[in-house]
**Q** 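There's a structure below that I have some questions on.
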Amino acid sequence: MGKLTYDSTLTADFDDRVLAHIQVVVGAKLRRGESFYFSWRDDPKSGDGRSTIWMHPSIPVAYKYFGSRSPSLNREWIEALMATANSSGGLQIVPEPHSPAIVPPIETDLVAHHPASSKE
């Protein structure tokens, strides 16, 4: 189980594969300066409710993965997740399509993708 940490105060557990797909979608939206809601179902151990956060480029987000290998990414799933993120309801985790269009794993280090850290 990986962890998403939001604003250094809230943490949520997600399967590493789910978290990798969330990271791609969140990163794409925040890179464009877009704010949006992100909602998910809480673990039944913590009450089986729902959580929603307002994702904004100025609020820090961190991703911590349990496994040492980057999961392969499903392009169709990323597109489905992005469609929810672009809706008025915001990003919601939808089931992964069964016939995945797999793309190679990406480096999950956000610093590598931060504009201030790139040398152009």
Side-chain angles (χ1 to χ4, degrees):
M1 282 298 215
K3 289 194 180 298
L4 177 140
T5 303
Y6 178 76
D7 198 21
S8 303
T9 57
L10 179 130
T11 60
D13 294 331
F14 295 97
D15 177 80
D16 277 3
R17 182 162 173 74
V18 174
L19 188 60
H21 286 77
I22 291 169
Q23 180 180 343
V24 169
V25 173
V26 169
K29 298 279 289 174
L30 296 181
R31 245 189 327 275
R32 293 190 297 254
E34 298 174 7
S35 300
F36 57 98
Y37 287 111
F38 174 28
S39 300
W40 63 88
R41 289 199 61 150
D42 294 327
D43 188 313
K45 294 178 218 166
S46 64
D48 202 25
R50 292 189 59 76
S51 292
T52 300
I53 54 178
W54 179 246
M55 303 295 290
H56 187 275
S58 68
I59 300 172
V61 179
Y63 305 89
K64 173 68 176 157
Y65 292 88
F66 179 75
S68 61
R69 295 182 187 214
S70 297
S72 59
L73 297 175
N74 179 335
R75 185 179 315 272
E76 292 175 17
W77 197 13
I78 291 169
E79 290 171 5
L81 291 166
M82 187 61 80
T84 69
N86 290 332
S87 73
S88 61
L91 175 59
Q92 297 185 31
I93 300 169
V94 295
E96 181 174 8
H98 290 296
S99 56
I102 300 295
V103 295
I106 61 162
E107 177 59 41
T108 56
D109 181 9
L110 287 183
V111 175
H113 302 293
H114 191 278
S117 67
S118 62
K119 296 179 182 176
E120 298 180 297

**Q** Closest heavy-atom contact between Leu73 and Ala20?
**A** CD2-CB, 3.9 Å
**Q** What's the shortest heavy-atom distance between His21 and Ser72, and which atoms?
**A** CE1-O, 3.7 Å
**Q** As an exercise, state the distance from CG of Asp16 to OH of Tyr65, rounded to the nearest 0.5 Å.
**A** 7.0 Å
**Q** Are Tyr6 and Met55 close enough that some pair of their side-chain heavy atoms sits under 4.5 Å apart?
**A** yes
**Q** Would you please test Val18 and Trp77 for side-chain contact (heavy atoms from CB on, under 4.5 Å) and show each step?
**A** CA-CA 10 Å; Val18 174; Trp77 197 13; 3.8 Å; yes
**Q** Decide if the gap between the ring center of Trp40 and the ring center of Phe14 is smaller than 6.0 angstrom.
**A** yes
**Q** Would you check if Ser35 and Pro57 make a side-chain contact, meaning some heavy-atom pair closer than 4.5 Å?
**A** yes
**Q** To the nearest 0.5 Å, what is the distance between CZ on Phe36 and CD on Glu34?
**A** 8.5 Å
**Q** Heavy-atom distance under 4.5 Å between the side chains of Val26 and Leu91, does that happen here?
**A** yes
**Q** Is any side-chain heavy atom of Ile22 less than 4.5 Å from a side-chain heavy atom of Phe38?
**A** yes
**Q** Could you check whether atom OH of Tyr37 has more than 12 heavy atoms from other residues, nucleotides or ligands sitting under 6.0 Å from it?
**A** no
**Q** For a 4.5 angstrom cut-off between non-hydrogen side-chain atoms, does Glu96 reach Arg17?
**A** yes
**Q** Are side-chain heavy atoms of Arg41 and Ile93 found at a separation under 4.5 Å?
**A** no
**Q** Is a side-chain N or O of Asp13 found less than 3.5 angstrom from the main chain of Lys3, in a donor-acceptor match?
**A** no
**Q** Nearest 0.5 angstrom please: Leu81 CG to Gln92 CD, how far?
**A** 10.5 Å
**Q** Under the side-chain contact (heavy atoms from CB on, under 4.5 Å) rule, what do Leu4 and Thr11 come out as? Steps first, then yes or no, please.
**A** CA-CA 5 Å; Leu4 177 140; Thr11 60; over 6 Å; no
**Q** Quick one: are His56 and Leu30 in side-chain contact, heavy atoms under 4.5 Å?
**A** no
**Q** Tell me whether the count of non-hydrogen atoms from other residues, nucleotides or ligands lying under 6.0 Å of CZ in Arg32 goes above 12.
**A** yes
**Q** Quick check: is Val94 connected to Ile53 through a chain of hydrophobic side chains (ILVMFWY, heavy atoms under 4.5 Å apart)?
**A** yes
**Q** What do the steps show when you test Val61 against Thr5 for side-chain contact (heavy atoms from CB on, under 4.5 Å), and what is the final call?
**A** CA-CA 6 Å; Val61 179; Thr5 303; over 6 Å; no
**Q** Just by modelled atom types, is the Met1 backbone N or O under 3.5 Å from a matching donor or acceptor in the Asp15 side chain?
**A** no
**Q** State, to 0.1 Å, how close Val25 and Ile78 come at their nearest heavy-atom pair, and which atoms those are.
**A** CG2-O, 3.9 Å
